[in-house]
**Student:** 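The structure under discussion is supplied below as structure tokens; questions concerning it will follow.
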Amino acid sequence: MNQSTRHPNPTRAVPSSGASLALSLSTSTLLALSAVGLAGCPATMTNETPVDMTVSPTADLAGTPNVDMATVRPQQPGCSTSEWCWSYPLPQGNALWSVFTTSPTDGWAVGDSGTLLKISGGQLQPLISPTRSTLYSVWGTDANNVFAVGDRATVLRWDGAKWAQLPITDNTGMSVKVSGLYSAWGAGRSDVWFAGADGVILHWDGTSVSRVANTQQTLLHSVWGASASSVYAAGANGTILRWDGTRWATFASMTTENITTIWGTADNNLFVGAQSGVIRRWNGTSWSIVNPFANYSIYAIWGTDASNVFAVGDVFFTDPALKDATKRQATFLKWDGSKFVALDATNAPKVAMFGLHGTSAQNMTAVGASGTVVTYNAGTFKSSSNADILTGVAAPVSGITGSSSGDLVAVGDWGTTLRYSGNAWSVIPTSPYVRFRGTSGSSDNLFAVAYDFTPGSEKPLAMKWSGTAWAAETITGSTSDLRAVFSLGNGTAYAVGVSETVLKRSGTAWAKQTVALAGNAVLRSVWASGDTVWAVGGGNERDDVTMAPAKALLSTAGSPFQSVTLPATDRILRAVWGADPSNVFAVGDEGFVIRWDGSKWAQIPTQFFFSLRGIWGRSASDFYVVGTGGAILHWDGKAFTQEDSGTNNALLSAFGVGGNLYVTGTGGAVLMKPLR
């Protein structure tokens, strides 16, 4: 469940094209638009890694130099340059790492993929960003002087009219190269500090950004000051530095823990939060631990005075002994003068929170995974009528299908079932113990497979959609976990899963099919056309391909499934799709793509290294492949080209209908693009 180490906080963890998107954000309403990777999975889920979050080192769009994205192609807010727009959640679902408010209804939130979310008059509105680099911190002196910093030396400044990139120089005026920047804080309009990777510390003097000498090379996660002549920076290995008005020097190193945030009210009242969940307080003489238990990470501390200090962080279980999936929530803590205690967060979202800021102790805004924005008013969290706020649709959405662009069903982890009926997505109540793997079909022949983790009654599920809910059907001859399903549209469907299990639906029951010389590989995708059926996979339940090599199984005319020779590979196949029985494509890890021409499989070379997870198309020369790192690739019959998805979320499935293409992924993400 961890993201890549390019961010200091390892745990991470949707619309029409065209119009500007907005959502109401009153100070008495919690607006949770759900999350990227939930931290703290149930014990029954920890043995499997369903999503490989590895990002390609050579093809990550976010790795390109900062450019003015508006000049690349006409672009709409909430959409990428390749016209991929958020369909769910709204107005966008990229993780938000930081928030800065100038009033109870105004401010900024920033996050993944250069996300700039303006909070104006109680409305949330995504802006076209000048960067695709992830932004980790936003801070300002007022509404017309705001700074945002992030990956690849990104320093942006808002002057009240536009965001612009600021150059970075040394004390001689020469350009300086730095990597990630993770925090911003200032004592005034012309006195702002930025801290980040490799111990880098930058300073804005009102005219330029320059690097300031610092002998410590340790990654710095957070910066905060008591005054212009007393500024602190904290980070990895318990490092805390202090600026005394003249130079930076080591202030303390009281622990080897990874400090994620520092905040205080005075030099003798400092608080630091750690990735381990520990919060420590400095009273001017000594450090002490001030939270009673720590089964979560702390990502932000903020307050108004010595009596009103708050902390937010990761998802945790309110009953840690059981780790019940129904008893989890984001971390919201308040200082009571001697220790931090949990706030009554009954209606708080069940997603990790990364940033916190406010205008008073009674009016605060917190942001987190999946574009989640939460307002806290007068001591309570209050939810809107949206069911997803309570159920926390934050898990990976593993599949999507439907009869038309106005009749869609998407499924995912934690019982996620989303229904689109032409106007908006709604959440269909489903047990959070049900872990959906995929869905396929339309109208009266729409099916899903899942695993039920309900304590004491764990079992695989093959289900049929009634139009309003899922109903389990009978499975005979197998108790194996199922991973994918394909509907032929006539009541016949196939499901595949662990230990090379293949099921076929006939009537209302699913029966195990014969697989010649079945091994222990996990079958991860299935596709059929008439009486031709392909199932592909590889690796065991822990994704260990050395123990279970890649497999492609074929059945024709009802024959037993037989293994078909593949090009030599040590990679797992993740998805299969065909234009017809003589043009079948399978994709997998490290950009692996192969094609069946009716007689043999052959590899299609690619320049990409994403783990490819989903595939759908209109013909053998027009299909899309999606994968980790927000990868979307298009095949035109000759070569793959990469499209800008507008997100770093891992993308897991693709499906087209009604002239639109939909992709789903981690964090409850659903993206849409009109096909031309």
Side-chain angles (χ1 to χ4, degrees), residues 2-12 97-98 110-111 133-139 147-155 168 176-186 192-204 209 211-226 230-244 247-264 267 270-282 287 289-291 294 296-302 311-314 352 354-356:
N2 290 344
Q3 77 178 74
S4 66
T5 55
R6 63 190 177 85
H7 184 270
N9 300 333
T11 309
R12 287 259 225 189
W97 294 102
S98 180
V110 301
S133 294
T134 293
L135 299 172
Y136 295 120
S137 181
V138 60
W139 181 90
F147 300 84
V149 299
D151 277 341
R152 300 167 182 87
T154 301
V155 181
I168 301 171
V176 171
K177 292 183 178 180
V178 300
S179 54
L181 296 169
Y182 303 129
S183 186
W185 179 90
V192 184
W193 294 96
F194 313 115
D198 303 318
V200 66
I201 297 178
L202 308 177
H203 184 256
W204 165 258
V209 178
R211 184 166 186 168
V212 179
N214 168 33
T215 58
Q216 280 279 5
Q217 300 303 304
T218 303
L219 185 150
L220 299 172
H221 293 161
S222 183
V223 61
W224 174 86
S230 184
V231 184
Y232 300 84
N237 302 317
T239 298
I240 302 178
L241 308 177
R242 181 174 179 269
W243 171 259
D244 63 4
R247 64 186 183 92
W248 285 94
T250 298
F251 174 75
S253 184
M254 73 294 188
T255 174
T256 59
E257 290 172 327
N258 183 25
I259 298 175
T260 54
T261 181
I262 184 169
W263 189 89
D267 289 309
L270 296 176
F271 298 88
V272 295
Q275 187 179 327
S276 65
V278 170
I279 302 177
R280 284 181 165 83
R281 177 176 179 261
W282 171 257
W287 291 96
I289 296 177
V290 291
N291 55 331
Y296 43 76
S297 294
I298 297 297
Y299 292 126
I301 298 175
W302 179 86
V312 298
D314 228 336
F354 302 133
L356 177 68

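Because the structure is predicted, anything quoted here is derived from the model rather than measured.
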**Student:** Answer whether the closest heavy-atom distance between the side chains of W204 and V155 falls below 4.5 Å.
**Tutor:** no
**Student:** Classify the angle between the aromatic ring planes of Y136 and W97 as parallel (below 30°), tilted (30 to 60°) or perpendicular (above 60°).
**Tutor:** perpendicular
**Student:** Got a second to check how far W243's CH2 is from N214's CG, nearest 0.5 Å?
**Tutor:** 10.5 Å
**Student:** Does D198 reach the side chain of V178, with side-chain heavy atoms less than 4.5 Å apart?
**Tutor:**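 No. Closest side-chain heavy atoms not under 4.5 Å.
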**Student:** Below 4.5 Å, heavy atoms only, C-beta onward: do L181 and V200 meet side chain to side chain?
**Tutor:**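 Yes. Closest side-chain heavy atoms under 4.5 Å.
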**Student:** Say whether T218 and N237, considering side chains only, have a donor N or O and an acceptor N or O under 3.5 Å apart.
**Tutor:** no
**Student:** Check whether any side-chain heavy atom of R281 sits under 4.5 Å from a side-chain heavy atom of I279, and report yes or no.
**Tutor:** no
**Student:** Any non-hydrogen side-chain atom of W287 less than 4.5 Å from a side-chain atom of V272?
**Tutor:** yes
**Student:** Please say which of T260, N258, T239 ends up in a side-chain hydrogen bond (donor to acceptor under 3.5 Å, both in side chains) with H221.
**Tutor:**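 Considering T260, N258, T239, a side-chain hydrogen bond (donor to acceptor under 3.5 Å, both in side chains) with H221 is found only for N258.
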**Student:** Quick check for you: to the nearest 0.5 Å, what is the distance between I240 atom CD1 and I262 atom CD1?
**Tutor:**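 Here the rounded value is 5.0 Å.
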**Student:** Output, in order, the C-alpha distance, side-chain angles, deciding distance and verdict of side chain to side chain contact (heavy atoms under 4.5 Å, CB included) for Y232 and W282.
**Tutor:** CA-CA 12 Å; Y232 300 84; W282 171 257; 5.8 Å; no
**Student:** Looking only at heavy atoms, what is the nearest atom pair of A233 and L220, with distance?
**Tutor:** CB-CD1, 4.1 Å
**Student:** With a 4.5 Å heavy-atom cut-off, do Y299 and D314 have their side chains touching?
**Tutor:** yes
**Student:** Please tell me if the side chains of L241 and T250 come closer than 4.5 Å, counting only heavy atoms from C-beta onward.
**Tutor:** yes
**Student:** Indicate yes or no: at least one non-hydrogen side-chain atom of W302 is less than 4.5 angstrom from one of V312.
**Tutor:** no
**Student:** Check the orientation of W185 and W139. Use parallel for under 30°, tilted for 30 to 60°, and perpendicular for over 60°.
**Tutor:**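 Aromatic pair W185/W139 classed tilted.
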